[in-house]
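Notes for the one structure printed next.
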Amino acid sequence: MDRYNGENARFEQGIPLTLDDAIDRLTASIKADQRIRHVSAAYLPDRREVIAATDKLMWLLFPGFCGPRDLTDRTLRIHVASVLAGVSRVLFQQISGALRYERDLGGQNAEFDRHCAECDARAHQIVEAFVAALPGIRNRLSLDVQAAYDGDPAAHHTDEAIFCYPGVQAIAVHRLAHELYRLDVPLIPRIMNEHAHSVTGIDIHPGARIGSYFFIDHGTGVVIGETTVIGDFCKIYQGVTLGAKSFPKDERGRLKREEKRHPTLEDHVTVYAGATILGGDTVIGAGSVISGGVFVTESIPPGHRLHGPRWKLALRSNPEAPPAGYSI
Amino acid sequence: MDRYNGENARFEQGIPLTLDDAIDRLTASIKADQRIRHVSAAYLPDRREVIAATDKLMWLLFPGFCGPRDLTDRTLRIHVASVLAGVSRVLFQQISGALRYERDLGGQNAEFDRHCAECDARAHQIVEAFVAALPGIRNRLSLDVQAAYDGDPAAHHTDEAIFCYPGVQAIAVHRLAHELYRLDVPLIPRIMNEHAHSVTGIDIHPGARIGSYFFIDHGTGVVIGETTVIGDFCKIYQGVTLGAKSFPKDERGRLKREEKRHPTLEDHVTVYAGATILGGDTVIGAGSVISGGVFVTESIPPGHRLHGPRWKLALRSNPEAPPAGYSI
Amino acid sequence: MDRYNGENARFEQGIPLTLDDAIDRLTASIKADQRIRHVSAAYLPDRREVIAATDKLMWLLFPGFCGPRDLTDRTLRIHVASVLAGVSRVLFQQISGALRYERDLGGQNAEFDRHCAECDARAHQIVEAFVAALPGIRNRLSLDVQAAYDGDPAAHHTDEAIFCYPGVQAIAVHRLAHELYRLDVPLIPRIMNEHAHSVTGIDIHPGARIGSYFFIDHGTGVVIGETTVIGDFCKIYQGVTLGAKSFPKDERGRLKREEKRHPTLEDHVTVYAGATILGGDTVIGAGSVISGGVFVTESIPPGHRLHGPRWKLALRSNPEAPPAGYSI
């Protein structure tokens, strides 16, 4: 019996290896554990497809920056039509699959019931609503790009923000994902935002409601939780957490999953690097500024600045410092 | 003489450029510096191959979530066999190369001695042991996935944790890499974990020993050092460092590389976002909780909560706050 | 009229969807907003091309580690010549396009003036100067690799630093990008460094001036601003920010974009994890050490250690701790 490909093959280096037993044990392990495998679930959302569709949507949000760069006014509509057609088809399949998946979680037997007409019909409506929302999303992103330029002295032009800024990339994906979240699409919005998280280091839950003219600078380590609400003209820096204070549990000791657990920032709020703001009742009032590194679990009135303590830093001579002019 | 491709070519735009001299100088620079190049070392581990094998292993850890999704109970064994055969072949080559590489570091001349039978034999044993460990790794990952669901109110189902959570991805790669680390494979475990670090922002050294039912939420900025020991049922958040206090040096002033330098977390320990725990002797006792942002260099007894100071935050009015209703 | 591809097509699942209107609205939205699209600008820099060229440059910086691994002393020059020719061609195109782009920002009409001889000539000079700088960049990187090994007890060999360390990858890309920044190339250096940021979590502005033998350990969350100056033999850890204190504005309320806004580290400075150093006038003197997590906005004299406050941590019993031996 084969060890590698069914023909009693040996390694190309001539080293045989008995895999039969390993294959049996691994197959049995997969059959035994229901939690981390899906068999006979071809309709499950496919991360690669979702990510590819997200990338293609960037071609529509930022034409000429992403995707083909030989567009003219004349070819623009053809470009839009062709990209939109492709993306809609993929989104339809993925969304229908996700709805089917969610329905099956309810307990129905998925094995022999491969088609779900109801899921298709709902996916159709969702794709239409999503596509119809794209011009509005572009309007908001245009303001976000302006906010990035206005907020960073290192930027020379708004174009630089589109080409280079992880904060712009993260909010672009978020505005798409949030639209699907609002349309009650399971799984897919989270897959989109976690992909953006991987690329940018910025972790926004697709449920977060974020106003216009929003800017995240640098961004690595930012966490914005599911029930966060952010007003217009807000700005946050790397390492900021807008998180949950504690997780309320129900009478059976299970986490309650539907409460507002994350803070609210009103309009014109700035949160500097590394600050942590926790709690569903915590409201940072309009026009307030939160200093870097502080830890906030209570509301701040509008029009204030919250400073951390003036730490007493201790300065001592460093006996290990190399003498002046020293080099290894 | 050619400037670009051997035929006195010019740029396609018609701009000639004299590259000959640059090529000579760069070639000379490569020959002169031994530290950052390898010539005649075709057996060196190949990052792309290692990463591709890691991705394929995910097909076996989470079938149906990763890789082909049209599996049935009937085709499952064939799937496992074919993926395992391919992965084993690549791992064998990479591991044998890494062992050969390590041997050559000892000073033997690598240039003309391209084969190493001993390395092949050892690589063979290692691949067998590694493959045999996969079912056990799946058991632990299944608990990790449950921990992710149990620990995050934003998750609607364990599936979401597998599809989306960087913490699950990082621990999955770590459990694979740690197995190879225990089998004394050079370089490859670190390449695997650094790839996961790049994708997830979570930096786990493959040497870290991590118990069952482990969950990292959000994850960006987490650092877990080589000699860290983590018990069962532990949970850590973004930005947590489990690090070294200082680096002991030997009598020649060189770093000692074998000591326990990183902390121990006993069972049921939770460490909130941004906390830093340092030192090889630092033990966080079972059932203890470390608050966010604190800095810990001493042991904490079991069953306690460590809180940071209650900072006095200073609230002042913000003269630059825009008036209510203001928009740009 | 077609809804998907011009032929009254229906979804493959048989679900029709009226896209015509959506296409029109989206096309109109793109035409209406000048800020986030470029039409008729085929010369715009292309992120994919810039990133591909950066990856190829790694083949020249670290031969045998990156790219083909069957190099011999005999084939080395051919390898260098072929990679350098390809990279130079791509860089020439991208740089010429970036210069053309910058010129057009000045207000000239780009639509019908597709060629810019002046940009080509300047791009030619820049590519020559950049290529001539590569051996010098390799010399510095060789020291950076040594610094990584010397600074981390978890490393077993300098090779491990090249294969695995995000800090080495980030500084390698930075040294390339900084050279282009010094040659006044628009956009492209930033695209290169933001790509490295995405891969490593380390955000270095290409303008930062960084001395020899530099090491960033772990790296996730590091931010190094545009006008930062770092001496030789410096070392920084994950989560360190070298940032701006505040953004001076000109008389029209716009950000001043040319001032020194970020700190200076003299030689032999170490900054531990999570420390924040802000301000263009802030100078950390030679041989000084900044502790983890501190917030520094004033200069530190040479040869000192800056410690944070000794926080009073409060230890309380944790009523929710599971009893010893408990498991779920």
Side-chain angles (χ1 to χ4, degrees), chain A residues 60-65 69-73 76-77 80-81 84-85 88-89 92 120 124 127-128 131-132 134-135 138-139 141-142 145-146 153-154 156-158 160 162-164 166 199-201 218 220-221 238-239 273-274 292-293 311-318 321-322 324 326-328, chain C residues 4-5 11-13 15 17 19 22-23 25-27 29-31 33 35-42 44-47 105 187 190-191 194 197-198 201 203 205 213 220-221 223 226 232-233 239 241 247 255-257 261 268 276 286-289 294-295 300 302-309:
Chain A
L60 298 174
L61 298 180
F62 303 115
F65 291 94
R69 35 203 45 231
D70 53 355
L71 302 176
T72 65
D73 281 340
L76 184 60
R77 191 183 187 285
V80 170
L84 203 55
S88 299
R89 202 178 295 119
F92 170 81
D120 282 358
H124 177 198
V127 172
E128 280 201 330
V131 164
L134 290 176
R138 292 191 77 256
N139 290 345
L141 286 177
S142 182
V145 165
Q146 186 65 43
H156 296 90
H157 190 272
T158 52
E160 198 173 331
I162 301 175
F163 268 122
C164 308
V199 172
T200 66
H218 305 298
T220 307
Q238 71 269 21
W311 286 351
K312 275 191 198 139
L313 299 177
L315 196 60
R316 298 184 209 142
S317 113
N318 176 16
Y326 171 87
S327 78
I328 50 165
Chain C
Y4 274 87
N5 45 30
F11 268 122
E12 51 189 278
Q13 286 82 358
I15 308 292
L17 178 73
L19 276 181
I23 292 166
R25 289 181 57 233
L26 196 49
T27 306
S29 133
I30 291 169
K31 289 195 174 169
D33 182 300
R35 199 187 282 133
I36 61 172
R37 56 92 165 150
H38 271 291
V39 174
S40 303
L44 262 188
D46 183 324
R47 285 187 75 243
L105 283 186
L187 281 178
R190 192 80 192 264
I191 291 173
E194 281 299 335
H197 180 195
S198 171
D203 180 353
H205 193 288
Y213 194 90
T220 306
V223 174
E226 181 175 17
D232 297 334
F233 307 106
T241 293
F247 298 151
L255 295 175
K256 288 188 185 175
R257 293 174 191 269
R261 308 181 302 279
H268 294 284
T276 299
S288 282
V289 174
V294 304
F295 195 88
I300 302 297
H304 282 73
R305 290 183 145 270
L306 183 68
H307 296 269

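Quantities reported herein were computed from a predicted structural model and do not represent experimental measurements. Letters A, B, ... mirror the listed sequences (proteins, then strands); counts begin at 1.
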C/R37 (side chain) donor-acceptor with C/I30 (main chain) under 3.5 angstrom: yes
Worked check of side chain to side chain donor-acceptor pair (under 3.5 Å) between C/E194 and C/H197: CA-CA 5 Å; C/E194 281 299 335; C/H197 180 195; 2.9 Å; yes
Residues C/R35, A/S142; criterion side chain to side chain donor-acceptor pair (under 3.5 Å); working and verdict: CA-CA 6 Å; C/R35 199 187 282 133; A/S142 182; 2.8 Å; yes
Engaged part of A/I162 at the chain C interface, taking heavy atoms whose separation is under 4.5 Å: side chain
Region of A/T158 that comes under 4.5 Å of a non-hydrogen atom in chain C: side chain
Most chain C-contacting option - heavy-atom pairs closer than 4.5 Å, from A/P135, A/A132, A/G201: A/P135
Those residues that, when tested against C/V289, pass side chain to side chain contact (heavy atoms under 4.5 Å, CB included) (two or more places apart): A/N318, C/T270, C/Y272, C/R305
Selection from C/H205, C/R25, C/R47, C/K31 maximising heavy-atom pairs under 4.5 Å formed with chain A: C/R25
Leading residue by heavy atom contact count with chain A [cutoff under 4.5 Å; candidates C/A286, C/A22, C/G287]: C/G287
Leading residue by heavy atom contact count with chain A [cutoff under 4.5 Å; candidates C/L187, C/L44, C/I191]: C/L44
A/Q238 and C/D203, any side-chain heavy atoms less than 4.5 Å apart: no
Test log, rule salt bridge (Lys or Arg N to Asp or Glu O under 4.0 Å), inputs A/R138 and C/D33: CA-CA 9 Å; A/R138 292 191 77 256; C/D33 182 300; 5.2 Å; no
Closest-packed option against chain A by number of heavy-atom pairs under 4.5 Å, given C/G308, C/S29, C/G221: C/S29
Segment of A/A273 engaging chain C (4.5 angstrom heavy-atom cut-off): neither
Which residues share a ring-ring contact (aromatic ring centres under 6.0 Å, His included) with A/F65, sequence neighbours left out: A/F163, C/H38
Engaged part of C/V223 at the chain A interface, taking heavy atoms whose separation is under 4.5 Å: side chain
For chain A, the option from C/T276, C/L306, C/T27, C/I36 that forms the most heavy-atom pairs under 4.5 Å: C/I36
